[in-house]
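Report on the structure given below.
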Amino acid sequence: MKKQAYVSVTYLFTFEPNEVGISEDCTEDEFGAAVDGYLNRVFEEVEGAAGIIPNDIEIDIKGDFE
């Protein structure tokens, strides 16, 4: 058996709507899409700089949406 090391790295981001470029009166879907777009841009830069990409991204939207 070859030698291997499995490593998991976790980043916890917390965003508010204005931090991803949308207004506070957004819908849950709009907020989720904005966060997803923001993270895609961030990880494109990470991939370009470090040559690594995440293999699991989970987004959990919380708050009062009507």
E30 side chain vs T27 backbone, donor-acceptor pair below 3.5 Å: yes

Can you list every side chain to side chain donor-acceptor pair (under 3.5 Å) pair that touches residues 9-19, not counting sequence neighbours? none

Just do the side-chain contact (heavy atoms from CB on, under 4.5 Å) check on L39 and V20 with the steps written out, would you? CA-CA 9 Å; L39 290 174; V20 293; over 6 Å; no

Is the number of heavy atoms from other residues, nucleotides or ligands within 6.0 Å of CD (E24) greater than 12? yes

Taking all atoms of both residues into account, what is the closest heavy-atom pair of K62 and F65, and its distance? O-CE1, 3.7 Å

Side chain to side chain, I57 and F13, heavy atoms closer than 4.5 Å: no

Assess whether atom CG of D64 is packed by more than 12 heavy atoms of other residues, nucleotides or ligands within 6.0 Å. no

Distance in Å, D56 CG paired with S8 OG, rounded so as to fall on 0.5 Å steps: 8.5 Å

What heavy-atom pair brings F31 and C26 nearest, and what distance separates the two atoms? CB-SG, 3.7 Å

Grab the two heavy atoms, one from A34 and one from I22, that are nearest each other, plus how far apart they are. CB-CD1, 3.8 Å

Classify the ring geometry of F15 against Y38: parallel below 30°, tilted from 30° to 60°, perpendicular beyond 60°. perpendicular

Listed partners of E28 passing side-chain hydrogen bond (donor to acceptor under 3.5 Å, both in side chains), at least two apart: none

Any side-chain heavy atom of V46 sitting closer than 4.5 Å to one from I53? no

Quick one: do V9 and F43 end up in the same hydrophobic cluster if we chain Ile, Leu, Val, Met, Phe, Trp and Tyr together by side-chain heavy atoms under 4.5 Å apart? yes

Counting only heavy atoms not in Q4, do more than 12 fall under 6.0 Å of its CD? yes

Test item: side-chain donor near acceptor, D25 and S23, under 3.5 Å: yes

